[in-house]
Amino acid sequence: MAAGRSFRAPKGTRDLLVPESTRARRLVEVFADLAERSGFGLVVTPMFEELDVFLRLGEATDVVTKEMYTFETKGGDRLALRPELTASLVRAFVQHNPPTPWKAWCAGFNFRYERPQKGRYRQFEQVDVELIGTADPQADVEVVALGWRFYEALGLRRVALKLNDLGDRADRPRYLDALRAHFAGNLDALSEQSRLTLEKNPLRVLDSKRPEDADLVAAAPVIGDYVSDESAAAFVEVQVGLRALDVPFTVTPRLVRGLDYYTRTTFEFAGVGLGASQDAVGGGGRYDGLVEDLGGPATPGIGFGLGVDRTLLACDEEGVFPAPAPAVDVFVVDVVDGSHATVLCDELRRSGLGADRAYEGRSMKAQMKKAGASGAPLAVIVGPDEDADGTVAVRDLRTAEQSTVARGDVVESIRKLLS
RNA sequence: GUGGCUGUAGCUCAGUUGGUUAGAGCGCCAGGUUGUGAUCCUGGAAGUCGGGGGUUCGAAUCCCCUCAGUCACCCCA
């Protein structure tokens, strides 16, 4: 709606107002708590990086080649808004060379220039965890389980964990050859889109949702048959580990993810109620080799990113993690001149309580209405009588019980009523 | 980037085969005999009917363009 001249949030972005904004923040807090209790430390990186940082992620990655916000500074530097968090964190790892294993978590906005949709925005928030410096499969278990426990903590039940083993980089060419051979023999049965994809990145063809490709994809060779013995053994250990934690999963041989740096353990969390298309609420995997790509020493690593917006949508689907109803403890009604409300609010706030008030000397009825709408359980009322007596009326808005207390006893009596 | 659908007050929506001053509910504001809220009653403010152009005596209602939203593809969180 809205008229021609009015401004609005740019395409694909939106404003979050209360209570949705608060809800998103609380979701991040739940994650932060879990991550920090798991030994991950908060790392904050810039929202933009040298363009090359992301270009290293791979030429076959759409996120990098066609969806990035790139720009040039006045000084001539080529920069890009981050399309994902892992690259930035790995870059930070390389730059600071911290002791390993390095356990980092972060939350922040990413930017991708693509057609918006429900659950898909040009600016979207993710929470993220990276564990860099160990190839121990137990680390894989810990990371995957952390994601699972997070969804559990929110109350989500209909999340499906898909797991796959993409093998080592050295295994990849043999599998790709096999894939090409498989599809090349049936080219005309393949959709036009998929034929193009086949040239750029054969793996991605496995991800096609076009019905005409279904049969061919189903018959395609499975990557598990092409991975090294070490990778296969590690994958078994990961599965055993997850079972020991009662984290349910489904091995999905055709799980291919959009970032090309993934190796070995790769996974995705799908919101079952979200419909077929934007159902990925989170995903990640191992990226042995990425640290090297970004100029560091050969170092293994694993991590994931979980979408805040989509996770919240999944919560809506299941009716869990409801939006909070933020409310102050006390609403101060002042029908004298408004200055009593200012003083009382200050006093209440300094004592640690939450207090709000009305403005512009509105009628008592109007102020009481505000008090009710504020959600505050209590109201403090100051009128001419109280002003003259040095008292205030304290009203319990839940029970409509009201009493008069000395001006100096306000905080104490409020405390009593709240407990 | 490609295709389908949608676009009326802050929100959710009505608006007959185009015809006088565009409606409802919720929300908001003000009252209901001078101090008290979530109920009830009354009244009020608020819409260039997404924007632009066209057809017509006349369009929110028909046509074109455009913008935005939405769904699917692509891809992903």
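Labels below follow one simple rule: chain letters A, B, ... track the order of the sequence lines, proteins then strands, and each chain is numbered from 1.
Under 4.0 Å is where a charged nitrogen must lie from a carboxylate oxygen, and between A:Arg14 and A:Asp309 at least one such pair does. Salt-bridge check for A:Asp171 with A:Arg174: passed, with a basic side-chain N closer than 4.0 Å to an acidic carboxylate O. With respect to A:Arg26 and A:Glu29, no salt bridge is recorded, no charged nitrogen being found less than 4.0 Å from a carboxylate O.
Across residues 10-37 of chain A, A:Lys11, A:Gly12 each have a non-hydrogen atom less than 4.0 Å from an atom of RNA chain B (numbered order).
Here, B:C11 and B:G7 have their P atoms 15 Å apart, quoted to the whole Å. As rounded to the nearest Å, B:C28 and B:A45 have C1' atoms that lie 9 Å from one another. Nucleotides B:C49 and B:U21 place their C1' atoms 15 Å apart, quoted to the nearest Å. Nucleotides B:G15 and B:C64, compared at atom P, are 23 Å apart to the nearest Å. B:A22 and B:G44 are spaced 16 Å apart, taking the P atom of each and rounding to whole Å. B:U8 and B:U2 are spaced 25 Å apart, taking the P atom of each and rounding to whole Å. Comparing the same atom, C1', in B:U17 and in B:C62 gives a spacing of 12 Å after rounding to whole Å. Comparing B:C63 with B:G19, their P atoms sit 15 Å apart, to the nearest whole Å.
Counting non-hydrogen atoms under 4.0 angstrom, A:Gly383 reaches a base of the nucleic acid. A:Asp385 comes within contact range of at least one nucleobase, with a heavy-atom separation under 4.0 Å. No engagement by A:Val256 is indicated, since no non-hydrogen atom pair under 4.0 Å with the nucleic acid exists.
Looking at A:Ser339 and A:Asp337, their side chains do bring a donor and an acceptor atom within 3.5 Å of each other.
Looking at heavy atoms from C-beta onward, A:Val144 lies out of side-chain contact with A:Val141 at the 4.5 angstrom threshold. Put simply, the side chain of A:Val335 does not reach to within 4.5 Å of the side chain of A:Arg362, judged on heavy atoms.
At a cut-off of 3.5 angstrom, counting only N and O atoms as typed in the model, there is a donor on one side and an acceptor on the other between the side-chain of A:Glu114 and the base of B:A77. The base of B:C75 lies close enough to the side chain of A:Arg120 for a donor and an acceptor atom to sit less than 3.5 Å apart.
Considering OG1 of A:Thr86 and CG of A:Leu57, their distance stands at 8.5 Å, rounded to 0.5 Å.
The separation between A:Arg8 atom CZ and B:G50 atom P is 12 Å, rounded to whole Å. The separation between A:Tyr262 atom OH and B:C75 atom C1' is 14 Å, rounded to whole Å. Counting to the nearest Å, the P atom of B:A30 and the CD atom of A:Glu360 are 10 Å from each other. Rounded to a whole Å, the NZ atom of A:Lys118 is 9 Å from the P atom of B:U70. If you take CZ of A:Arg310 and P of B:C75, they are 14 Å apart, rounded to a whole angstrom. Note: OH (A:Tyr121) to P (B:A68) measures 16 Å, nearest angstrom. Look at CG on A:Leu57: it is 15 Å from C1' on B:A77, rounded to the nearest Å. Atom pair A:Lys66:NZ and B:C73:C1' shows a separation of 10 Å (rounding to whole Å applied).
Under the side-chain hydrogen bond (donor to acceptor under 3.5 Å, both in side chains) criterion, the residue pairs touching residues 33-44 of chain A are A:Asp33-A:Arg37, A:Glu36-A:Trp105, with sequence neighbours excluded. Within the structure, the side-chain hydrogen bond (donor to acceptor under 3.5 Å, both in side chains) test picks out the following pairs touching residues 367-393 of chain A (sequence neighbours left out): A:His340-A:Asp387.
For A:Gln126, counting side-chain heavy atoms from C-beta on, the closest listed nucleotide (B:A77, B:C71, B:U2) is B:A77. Comparing atom distances between the A:Phe124 side chain and each of B:A68, B:A77, B:C74 picks out B:A77 as nearest.
Under 4.0 angstrom from either OP1 or OP2 of B:A30 there lies at least one side-chain N or O belonging to A:Arg362.
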Output a table of nitrogen or oxygen pairs between the protein and nucleotides 36-43 of chain B separated by less than 3.5 Å.
{"from": "B:U36", "atom 1": "O2", "to": "A:Arg395", "atom 2": "NE", "distance (Å)": "3.2"}
{"from": "B:U36", "atom 1": "O2", "to": "A:Arg395", "atom 2": "NH1", "distance (Å)": "3.0"}
{"from": "B:U36", "atom 1": "O2", "to": "A:Gln402", "atom 2": "OE1", "distance (Å)": "3.2"}
{"from": "B:U36", "atom 1": "N3", "to": "A:Gln402", "atom 2": "OE1", "distance (Å)": "2.9"}
{"from": "B:U36", "atom 1": "N3", "to": "A:Gln402", "atom 2": "NE2", "distance (Å)": "3.1"}
{"from": "B:U36", "atom 1": "O4", "to": "A:Gln402", "atom 2": "NE2", "distance (Å)": "2.9"}
{"from": "B:G37", "atom 1": "O4'", "to": "A:Met368", "atom 2": "O", "distance (Å)": "3.4"}
{"from": "B:G37", "atom 1": "N7", "to": "A:Arg395", "atom 2": "NH2", "distance (Å)": "3.2"}
{"from": "B:G37", "atom 1": "O6", "to": "A:Leu397", "atom 2": "O", "distance (Å)": "3.3"}
{"from": "B:G37", "atom 1": "N1", "to": "A:Leu397", "atom 2": "O", "distance (Å)": "2.3"}
{"from": "B:G37", "atom 1": "N2", "to": "A:Leu397", "atom 2": "O", "distance (Å)": "3.0"}

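For A:Tyr151 and A:Phe269, the gap between ring centers is short of 6.0 Å. Close placement of the A:Phe150 and A:Phe31 rings is indicated, their centers lying within 6.0 Å of each other.
Aromatic ring pairs are classed by plane angle as parallel below 30°, tilted from 30° to 60° and perpendicular above 60°; the pair A:Tyr226 and A:Tyr175 is tilted.
Consecutive Watson-Crick or G-U pairs involving RNA chain B, each under 3.5 Å on both distances, make up stems of three or more pairs at B:1-7 with B:67-73, B:10-13 with B:23-26, B:28-32 with B:40-44, B:50-54 with B:62-66.
For the side chain to side chain contact (heavy atoms under 4.5 Å, CB included) test with A:Val308, the passing option among A:Leu313, A:Val281, A:Val127 is A:Val127; the others fail.
Checking A:Ala9 against A:Asp309, the closest nucleotide of RNA chain B that is more toward the 5' end is the one next to A:Ala9.
Here A:Arg407 pairs with A:Glu347 under the side-chain hydrogen bond (donor to acceptor under 3.5 Å, both in side chains) rule; sequence neighbours left out.
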